[in-house]
Amino acid sequence: MKFLKFRRTPLISQRNATLLSVLIFCGAVALSAFRTTDHLVTIHFKTENKDSIESVKAFMDVYTVLMSPRCMNCHPAGDVPLQGDDSHLHAMGPKRGADGKGVYAMKCMNCHQPTNTPGLHTPPGNPNWHLPPADMKMVFQGKTPHELAKQLVDKSKNGNKDTKQLLEHAHDSLVLAGWDPGEGRTLPPMSHKDFVKAWNTWIKKGAYAPAPTTN
Amino acid sequence: MTKIKLNINNKDTVLEADPQMPLLWAIRDLAGLKGTKYGCGVAQCGACVVHLNGEAVRSCVTKVSRAEGKKVVTIEGLSEDNNHPVQKAWQDLDVPQCGYCHSGQIMSAVVLLREKPDPTDQDIDDAMAGNVCRCGTYLRVRKAIHLASELQKTASNG
Ligand code: FES
Ligand code: FES
(Lines give C-alpha, C1' and ligand atoms only; values in the text may rest on other atoms or scores of the structure.)
(Ligands and ions follow the chains in the order given, each with its own letter.)
Protein backbone atom coordinates (compact mmCIF):
# COMPACT_ATOMS: atom_id res chain seq x y z
CA MET A 1 0.00 0.00 0.00
CA LYS A 2 1.43 3.27 -1.14
CA PHE A 3 0.43 5.24 1.91
CA LEU A 4 1.59 2.81 4.54
CA LYS A 5 4.96 4.48 4.50
CA PHE A 6 3.49 7.62 6.04
CA ARG A 7 4.08 8.02 9.70
CA ARG A 8 0.80 8.33 11.47
CA THR A 9 1.00 11.51 13.42
CA PRO A 10 -2.40 12.29 14.95
CA LEU A 11 -2.78 16.05 15.08
CA ILE A 12 -5.84 16.00 17.30
CA SER A 13 -4.87 14.47 20.63
CA GLN A 14 -6.62 11.40 21.98
CA ARG A 15 -7.81 13.42 24.97
CA ASN A 16 -9.38 16.10 22.78
CA ALA A 17 -10.89 13.45 20.57
CA THR A 18 -12.55 11.78 23.54
CA LEU A 19 -13.79 15.11 24.81
CA LEU A 20 -15.19 15.91 21.38
CA SER A 21 -17.01 12.57 21.20
CA VAL A 22 -18.61 13.24 24.58
CA LEU A 23 -19.64 16.70 23.47
CA ILE A 24 -21.13 15.38 20.23
CA PHE A 25 -23.03 12.75 22.17
CA CYS A 26 -24.40 15.34 24.63
CA GLY A 27 -25.28 17.63 21.72
CA ALA A 28 -27.12 14.83 19.96
CA VAL A 29 -29.10 14.03 23.11
CA ALA A 30 -30.00 17.68 23.58
CA LEU A 31 -31.03 18.09 19.95
CA SER A 32 -33.14 14.95 19.94
CA ALA A 33 -35.40 16.64 22.52
CA PHE A 34 -36.75 18.96 19.81
CA ARG A 35 -35.93 17.10 16.67
CA THR A 36 -37.23 18.77 13.56
CA THR A 37 -34.76 17.37 11.09
CA ASP A 38 -34.96 20.51 8.92
CA HIS A 39 -32.83 22.51 11.29
CA LEU A 40 -30.69 19.76 12.60
CA VAL A 41 -27.03 20.49 12.05
CA THR A 42 -25.21 17.21 11.93
CA ILE A 43 -21.58 17.11 12.85
CA HIS A 44 -20.11 14.34 10.77
CA PHE A 45 -16.84 14.45 12.58
CA LYS A 46 -16.77 11.13 14.39
CA THR A 47 -13.47 10.21 15.91
CA GLU A 48 -14.13 6.51 15.58
CA ASN A 49 -13.75 7.05 11.82
CA LYS A 50 -10.14 8.03 12.25
CA ASP A 51 -8.05 6.52 9.51
CA SER A 52 -4.50 7.67 9.04
CA ILE A 53 -4.16 6.19 5.56
CA GLU A 54 -7.32 7.86 4.22
CA SER A 55 -6.47 11.08 6.01
CA VAL A 56 -2.95 11.32 4.63
CA LYS A 57 -4.13 10.31 1.15
CA ALA A 58 -6.68 13.14 1.22
CA PHE A 59 -4.08 15.59 2.47
CA MET A 60 -1.81 14.86 -0.48
CA ASP A 61 -4.68 16.03 -2.73
CA VAL A 62 -5.20 19.09 -0.53
CA TYR A 63 -1.47 19.79 -0.78
CA THR A 64 -1.52 19.95 -4.59
CA VAL A 65 -4.17 22.67 -4.35
CA LEU A 66 -2.51 24.69 -1.59
CA MET A 67 0.80 24.66 -3.46
CA SER A 68 -0.82 25.76 -6.73
CA PRO A 69 -0.15 29.39 -7.68
CA ARG A 70 -3.75 30.37 -6.92
CA CYS A 71 -3.24 29.57 -3.24
CA MET A 72 0.50 29.81 -2.71
CA ASN A 73 0.93 33.21 -4.38
CA CYS A 74 -0.69 34.87 -1.38
CA HIS A 75 1.11 32.65 1.15
CA PRO A 76 4.70 33.60 0.28
CA ALA A 77 7.77 32.86 2.37
CA GLY A 78 8.82 36.51 2.21
CA ASP A 79 6.84 39.73 2.61
CA VAL A 80 6.15 40.30 -1.09
CA PRO A 81 3.27 38.35 -2.67
CA LEU A 82 3.87 36.14 -5.68
CA GLN A 83 2.30 36.52 -9.08
CA GLY A 84 1.51 34.46 -12.16
CA ASP A 85 1.53 30.76 -12.88
CA ASP A 86 5.30 30.69 -12.32
CA SER A 87 4.87 32.35 -8.89
CA HIS A 88 7.39 35.11 -9.51
CA LEU A 89 7.64 38.02 -7.09
CA HIS A 90 4.76 40.47 -7.59
CA ALA A 91 5.73 43.31 -9.93
CA MET A 92 6.26 46.60 -8.04
CA GLY A 93 7.19 44.66 -4.90
CA PRO A 94 4.16 45.49 -2.75
CA LYS A 95 4.84 44.66 0.92
CA ARG A 96 2.69 42.69 3.33
CA GLY A 97 2.42 45.37 6.06
CA ALA A 98 1.42 44.58 9.65
CA ASP A 99 -2.19 43.71 8.79
CA GLY A 100 -1.41 41.97 5.48
CA LYS A 101 -3.18 44.69 3.51
CA GLY A 102 -0.13 46.47 2.13
CA VAL A 103 1.63 49.70 3.06
CA TYR A 104 1.23 53.44 2.37
CA ALA A 105 0.35 54.04 -1.28
CA MET A 106 0.79 50.32 -2.01
CA LYS A 107 -2.21 48.77 -0.31
CA CYS A 108 -3.68 45.70 -1.98
CA MET A 109 -7.10 47.24 -2.46
CA ASN A 110 -5.67 50.24 -4.32
CA CYS A 111 -5.42 47.96 -7.35
CA HIS A 112 -7.32 44.79 -6.41
CA GLN A 113 -10.98 45.72 -6.69
CA PRO A 114 -13.94 43.95 -5.04
CA THR A 115 -14.34 41.92 -8.26
CA ASN A 116 -11.98 40.75 -11.01
CA THR A 117 -10.97 43.48 -13.44
CA PRO A 118 -11.73 42.31 -17.00
CA GLY A 119 -8.87 41.64 -19.42
CA LEU A 120 -5.50 39.93 -19.41
CA HIS A 121 -2.83 41.08 -16.91
CA THR A 122 -5.33 43.04 -14.84
CA PRO A 123 -5.66 42.69 -11.06
CA PRO A 124 -7.88 39.86 -9.84
CA GLY A 125 -10.38 41.03 -7.24
CA ASN A 126 -12.10 40.22 -3.99
CA PRO A 127 -13.71 42.50 -1.37
CA ASN A 128 -11.11 41.43 1.18
CA TRP A 129 -7.93 40.99 -0.84
CA HIS A 130 -4.95 40.59 1.50
CA LEU A 131 -2.01 38.46 2.60
CA PRO A 132 -1.89 36.82 6.01
CA PRO A 133 -0.83 39.41 8.63
CA ALA A 134 2.79 39.86 9.74
CA ASP A 135 2.25 38.13 13.09
CA MET A 136 0.59 35.07 11.46
CA LYS A 137 2.22 34.61 8.07
CA MET A 138 0.78 31.16 7.29
CA VAL A 139 3.55 30.47 4.78
CA PHE A 140 2.83 27.78 2.17
CA GLN A 141 5.79 28.46 -0.13
CA GLY A 142 8.57 25.94 0.42
CA LYS A 143 6.68 23.76 2.92
CA THR A 144 6.73 19.98 2.69
CA PRO A 145 3.41 18.13 3.07
CA HIS A 146 4.43 17.20 6.61
CA GLU A 147 5.23 20.80 7.56
CA LEU A 148 2.14 22.25 5.94
CA ALA A 149 -0.25 19.72 7.50
CA LYS A 150 1.17 20.41 10.94
CA GLN A 151 1.00 24.16 10.45
CA LEU A 152 -2.61 24.05 9.26
CA VAL A 153 -3.87 22.49 12.48
CA ASP A 154 -1.57 24.39 14.83
CA LYS A 155 -3.74 27.10 16.37
CA SER A 156 -0.71 29.26 17.06
CA LYS A 157 0.05 29.26 13.32
CA ASN A 158 -3.35 28.93 11.60
CA GLY A 159 -5.09 32.09 12.76
CA ASN A 160 -6.36 30.38 15.92
CA LYS A 161 -8.77 28.16 13.99
CA ASP A 162 -10.32 25.11 15.63
CA THR A 163 -11.52 22.08 13.68
CA LYS A 164 -14.94 23.56 12.94
CA GLN A 165 -13.43 26.82 11.69
CA LEU A 166 -10.93 24.90 9.60
CA LEU A 167 -13.75 22.96 7.94
CA GLU A 168 -15.60 26.23 7.29
CA HIS A 169 -12.49 27.90 5.94
CA ALA A 170 -12.71 25.83 2.75
CA HIS A 171 -15.72 28.01 1.87
CA ASP A 172 -14.08 31.37 2.66
CA SER A 173 -14.60 33.90 -0.14
CA LEU A 174 -10.86 34.41 -0.60
CA VAL A 175 -10.30 30.64 -0.83
CA LEU A 176 -13.11 30.47 -3.40
CA ALA A 177 -11.46 33.27 -5.36
CA GLY A 178 -8.80 30.71 -6.33
CA TRP A 179 -11.40 29.11 -8.59
CA ASP A 180 -12.39 32.45 -10.14
CA PRO A 181 -8.93 33.87 -10.75
CA GLY A 182 -9.62 36.25 -13.62
CA GLU A 183 -8.60 35.94 -17.25
CA GLY A 184 -5.45 34.10 -18.25
CA ARG A 185 -4.74 32.34 -14.95
CA THR A 186 -4.81 28.57 -14.53
CA LEU A 187 -7.17 27.01 -12.05
CA PRO A 188 -6.09 24.88 -9.08
CA PRO A 189 -5.56 21.21 -10.06
CA MET A 190 -9.04 20.05 -8.98
CA SER A 191 -12.53 21.51 -8.65
CA HIS A 192 -13.51 23.33 -5.48
CA LYS A 193 -15.99 20.54 -4.79
CA ASP A 194 -13.26 17.90 -4.91
CA PHE A 195 -11.00 20.11 -2.83
CA VAL A 196 -13.64 20.46 -0.12
CA LYS A 197 -14.12 16.69 -0.19
CA ALA A 198 -10.39 16.07 0.28
CA TRP A 199 -10.10 18.80 2.90
CA ASN A 200 -12.99 17.41 4.92
CA THR A 201 -11.72 13.84 4.61
CA TRP A 202 -8.27 14.87 5.78
CA ILE A 203 -9.64 16.60 8.88
CA LYS A 204 -12.48 14.22 9.72
CA LYS A 205 -10.29 11.15 9.38
CA GLY A 206 -7.98 12.55 12.01
CA ALA A 207 -5.96 15.36 10.36
CA TYR A 208 -2.85 13.19 10.09
CA ALA A 209 0.36 14.62 8.71
CA PRO A 210 2.27 12.77 5.99
CA ALA A 211 5.67 11.50 7.07
CA PRO A 212 8.41 14.16 7.16
CA THR A 213 10.13 12.57 4.16
CA THR A 214 7.07 12.82 1.88
CA ASN A 215 7.49 15.33 -0.97
CA MET B 1 -26.66 55.19 -17.14
CA THR B 2 -27.05 55.79 -13.42
CA LYS B 3 -26.78 58.85 -11.26
CA ILE B 4 -23.69 58.45 -9.10
CA LYS B 5 -23.29 60.79 -6.15
CA LEU B 6 -19.79 61.42 -4.92
CA ASN B 7 -17.67 64.19 -3.55
CA ILE B 8 -14.83 65.35 -5.80
CA ASN B 9 -12.32 67.80 -4.40
CA ASN B 10 -14.72 68.84 -1.64
CA LYS B 11 -17.61 69.42 -4.02
CA ASP B 12 -20.70 67.22 -3.92
CA THR B 13 -21.10 65.99 -7.45
CA VAL B 14 -23.63 63.89 -9.33
CA LEU B 15 -22.36 62.09 -12.41
CA GLU B 16 -24.50 60.32 -15.01
CA ALA B 17 -22.43 57.29 -15.79
CA ASP B 18 -22.38 53.59 -16.45
CA PRO B 19 -21.50 52.18 -12.99
CA GLN B 20 -18.79 50.08 -14.69
CA MET B 21 -17.03 53.16 -16.06
CA PRO B 22 -13.48 53.54 -14.73
CA LEU B 23 -13.26 56.35 -12.19
CA LEU B 24 -10.46 57.81 -14.33
CA TRP B 25 -12.86 58.27 -17.25
CA ALA B 26 -15.44 59.86 -14.97
CA ILE B 27 -12.90 62.27 -13.48
CA ARG B 28 -11.43 63.30 -16.82
CA ASP B 29 -14.35 63.15 -19.22
CA LEU B 30 -17.37 63.81 -17.01
CA ALA B 31 -15.95 66.04 -14.27
CA GLY B 32 -13.49 67.65 -16.71
CA LEU B 33 -10.46 67.32 -14.41
CA LYS B 34 -7.57 66.48 -16.70
CA GLY B 35 -4.70 66.54 -14.19
CA THR B 36 -5.00 62.80 -13.56
CA LYS B 37 -3.34 60.85 -16.36
CA TYR B 38 -3.94 57.62 -18.24
CA GLY B 39 -0.82 55.50 -18.63
CA CYS B 40 -1.44 51.76 -18.82
CA GLY B 41 -5.08 51.21 -17.89
CA VAL B 42 -4.22 48.01 -15.99
CA ALA B 43 -2.95 49.22 -12.59
CA GLN B 44 0.70 48.90 -13.51
CA CYS B 45 2.07 52.44 -13.80
CA GLY B 46 0.48 54.71 -11.18
CA ALA B 47 -0.19 57.68 -13.48
CA CYS B 48 -3.87 57.59 -12.56
CA VAL B 49 -3.59 57.61 -8.75
CA VAL B 50 -6.24 59.65 -6.91
CA HIS B 51 -7.37 59.51 -3.31
CA LEU B 52 -10.54 57.60 -2.52
CA ASN B 53 -11.45 58.23 1.09
CA GLY B 54 -7.77 58.99 1.61
CA GLU B 55 -6.31 55.91 -0.06
CA ALA B 56 -4.15 56.08 -3.19
CA VAL B 57 -6.32 54.06 -5.56
CA ARG B 58 -5.59 53.53 -9.22
CA SER B 59 -8.53 55.13 -10.94
CA CYS B 60 -8.04 53.24 -14.22
CA VAL B 61 -9.21 49.97 -12.63
CA THR B 62 -11.53 51.45 -9.99
CA LYS B 63 -15.13 51.52 -11.16
CA VAL B 64 -16.93 54.80 -10.65
CA SER B 65 -19.55 52.84 -8.64
CA ARG B 66 -16.91 52.10 -5.98
CA ALA B 67 -16.63 55.87 -5.39
CA GLU B 68 -20.38 56.30 -4.78
CA GLY B 69 -20.88 58.27 -1.56
CA LYS B 70 -17.12 58.61 -1.06
CA LYS B 71 -14.59 61.42 -1.16
CA VAL B 72 -12.36 61.62 -4.22
CA VAL B 73 -9.36 63.97 -4.24
CA THR B 74 -7.45 64.56 -7.45
CA ILE B 75 -4.25 66.53 -8.00
CA GLU B 76 -6.42 69.64 -8.59
CA GLY B 77 -7.95 69.31 -5.13
CA LEU B 78 -4.83 68.71 -3.11
CA SER B 79 -4.49 72.37 -2.12
CA GLU B 80 -5.96 75.78 -2.86
CA ASP B 81 -2.82 77.34 -4.29
CA ASN B 82 -0.51 74.47 -5.19
CA ASN B 83 0.95 75.01 -1.74
CA HIS B 84 0.72 71.53 -0.29
CA PRO B 85 4.19 70.68 1.14
CA VAL B 86 4.58 67.91 -1.45
CA GLN B 87 3.70 70.26 -4.31
CA LYS B 88 6.09 72.89 -2.94
CA ALA B 89 8.93 70.36 -2.65
CA TRP B 90 8.26 69.20 -6.23
CA GLN B 91 8.50 72.79 -7.44
CA ASP B 92 11.59 73.65 -5.37
CA LEU B 93 13.51 70.68 -6.75
CA ASP B 94 12.11 70.82 -10.28
CA VAL B 95 11.21 67.18 -10.03
CA PRO B 96 9.23 66.57 -13.25
CA GLN B 97 10.86 65.92 -16.58
CA CYS B 98 7.97 65.45 -19.02
CA GLY B 99 5.64 65.55 -16.03
CA TYR B 100 3.23 62.85 -17.20
CA CYS B 101 3.68 60.57 -14.18
CA HIS B 102 3.80 63.27 -11.52
CA SER B 103 0.21 63.80 -10.52
CA GLY B 104 0.24 60.09 -9.64
CA GLN B 105 3.65 60.36 -7.96
CA ILE B 106 2.46 63.29 -5.83
CA MET B 107 -0.81 61.62 -4.80
CA SER B 108 1.11 58.52 -3.69
CA ALA B 109 3.72 60.58 -1.82
CA VAL B 110 0.98 62.40 0.09
CA VAL B 111 -0.37 59.12 1.47
CA LEU B 112 3.13 58.05 2.47
CA LEU B 113 3.79 61.30 4.33
CA ARG B 114 0.45 61.14 6.09
CA GLU B 115 1.17 57.64 7.40
CA LYS B 116 4.91 58.08 7.87
CA PRO B 117 5.76 61.78 8.30
CA ASP B 118 9.49 61.06 8.49
CA PRO B 119 10.09 58.31 5.95
CA THR B 120 13.37 56.49 5.37
CA ASP B 121 14.64 55.72 1.86
CA GLN B 122 13.27 52.20 2.34
CA ASP B 123 9.80 53.56 3.24
CA ILE B 124 9.93 55.71 0.11
CA ASP B 125 10.84 52.69 -2.03
CA ASP B 126 8.05 50.65 -0.43
CA ALA B 127 5.49 53.38 -1.05
CA MET B 128 6.56 54.58 -4.49
CA ALA B 129 7.63 51.36 -6.24
CA GLY B 130 4.31 51.27 -8.09
CA ASN B 131 4.71 54.71 -9.65
CA VAL B 132 6.66 54.30 -12.85
CA CYS B 133 8.51 57.22 -14.45
CA ARG B 134 9.75 56.77 -18.01
CA CYS B 135 11.95 59.83 -17.67
CA GLY B 136 13.68 58.31 -14.66
CA THR B 137 13.07 61.07 -12.12
CA TYR B 138 13.19 58.61 -9.24
CA LEU B 139 16.13 60.20 -7.43
CA ARG B 140 14.49 63.63 -7.49
CA VAL B 141 11.23 62.08 -6.30
CA ARG B 142 13.06 60.61 -3.32
CA LYS B 143 14.81 63.88 -2.55
CA ALA B 144 11.55 65.81 -2.84
CA ILE B 145 9.76 63.47 -0.44
CA HIS B 146 12.47 64.10 2.17
CA LEU B 147 12.12 67.84 1.56
CA ALA B 148 8.32 67.65 1.78
CA SER B 149 8.70 65.85 5.09
CA GLU B 150 10.78 68.80 6.38
CA LEU B 151 8.33 71.36 4.98
CA GLN B 152 5.45 69.48 6.56
CA LYS B 153 7.17 69.61 9.96
CA THR B 154 7.88 73.34 9.63
CA ALA B 155 4.28 73.97 8.61
CA SER B 156 2.90 72.07 11.57
CA ASN B 157 5.36 73.77 14.00
CA GLY B 158 4.82 77.22 12.62
S1 FES C 1 -3.16 54.16 -15.84
FE2 FES C 1 -3.77 53.42 -13.94
S3 FES C 1 -2.03 52.43 -13.21
FE4 FES C 1 -1.46 52.97 -15.21
S1 FES D 1 8.60 62.76 -15.70
FE2 FES D 1 8.23 61.83 -17.58
S3 FES D 1 7.27 59.98 -17.01
FE4 FES D 1 7.88 60.77 -15.15
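Keep in mind it's a predicted model, so treat the numbers as computed, not measured. Just so we're on the same page: letters track the sequence lines, and every chain starts at 1.
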Participant: Flag the one option from A:His112, A:Lys107, A:His121 with the top tally of heavy-atom pairs under 4.5 Å to chain B.
Facilitator: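 Looking at each option in turn, the highest pair count goes to A:Lys107.
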Participant: Using every non-hydrogen atom in the two residues, find where A:Pro123 and B:Val42 come nearest and quote the distance to one decimal.
Facilitator: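 Where A:Pro123 meets B:Val42 most closely, the heavy atoms are CD-O, 4.0 Å.
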Participant: For A:Pro114, is it the side chain, the backbone, both or neither that has a heavy atom under 4.5 Å from a heavy atom of chain B?
Facilitator: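 A:Pro114 touches chain B through side-chain heavy atoms alone.
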Participant: Do the side chains of A:Met106 and B:Asp126 get nearer than 4.5 Å, heavy atoms only?
Facilitator: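 Not touching, per the 4.5 Å side-chain cut-off.
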Participant: What's the shortest heavy-atom distance between A:Ala105 and B:Ala127, and which atoms?
Facilitator: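 Closest heavy-atom pair between A:Ala105 and B:Ala127: CB-O, 3.6 Å.
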Participant: Going through the checks in order, is the side chain to side chain contact (heavy atoms under 4.5 Å, CB included) test met by A:Gln113 and B:Lys63?
Facilitator: CA-CA 8 Å; A:Gln113 304 297 313; B:Lys63 290 174 185 157; 5.9 Å; no
Participant: For B:Lys34, I'd like to know if atom NZ has over 12 heavy atoms of other residues, nucleotides or ligands within 6.0 Å.
Facilitator: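 Above 12, so yes.
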Participant: Answer whether the closest heavy-atom distance between the side chains of B:Glu55 and A:Met109 falls below 4.5 Å.
Facilitator: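 Not touching, per the 4.5 Å side-chain cut-off.
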Participant: Please say whether more than 12 non-hydrogen atoms of neighbouring residues, nucleotides or ligands are located less than 6.0 Å from NZ in B:Lys143.
Facilitator: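 Counting neighbours around NZ of B:Lys143, 12 or fewer heavy atoms of other residues, nucleotides or ligands fall under 6.0 Å, so no.
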Participant: Suppose a student defines contact as a heavy atom less than 4.5 Å from any heavy atom of chain A. Which residues in residues 89-124 of chain B would they list?
Facilitator: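 Residues in range: B:Ser108, B:Val111, B:Leu112, B:Glu115, B:Lys116, B:Gln122, B:Asp123.
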Participant: Do other residues, nucleotides or ligands put more than 12 heavy atoms under 6.0 Å from the CD atom of B:Glu16?
Facilitator: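 More than 12 within 6.0 Å, yes.
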Participant: If you count heavy-atom pairs under 4.5 Å with chain A, which of B:Met128, B:Arg58, B:Gln20 comes out on top?
Facilitator: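 Most pairs with chain A among the choices: B:Arg58.
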Participant: Return the minimal non-hydrogen interatomic distance between B:Thr62 and A:Asn110, and the atom names on each side.
Facilitator: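 Looking at all heavy atoms of both residues, the closest pair is OG1-O, 4.5 Å.
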Participant: Hey, is NZ on A:Lys161 packed in by over 12 heavy atoms from elsewhere, all under 6.0 Å?
Facilitator: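 Atom NZ in A:Lys161 is packed in, count exceeds 12.
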Participant: Answer yes or no: are there more than 12 heavy-atom neighbours, outside A:Lys137 itself, under 6.0 Å from its atom NZ?
Facilitator: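 More than 12 within 6.0 Å, yes.
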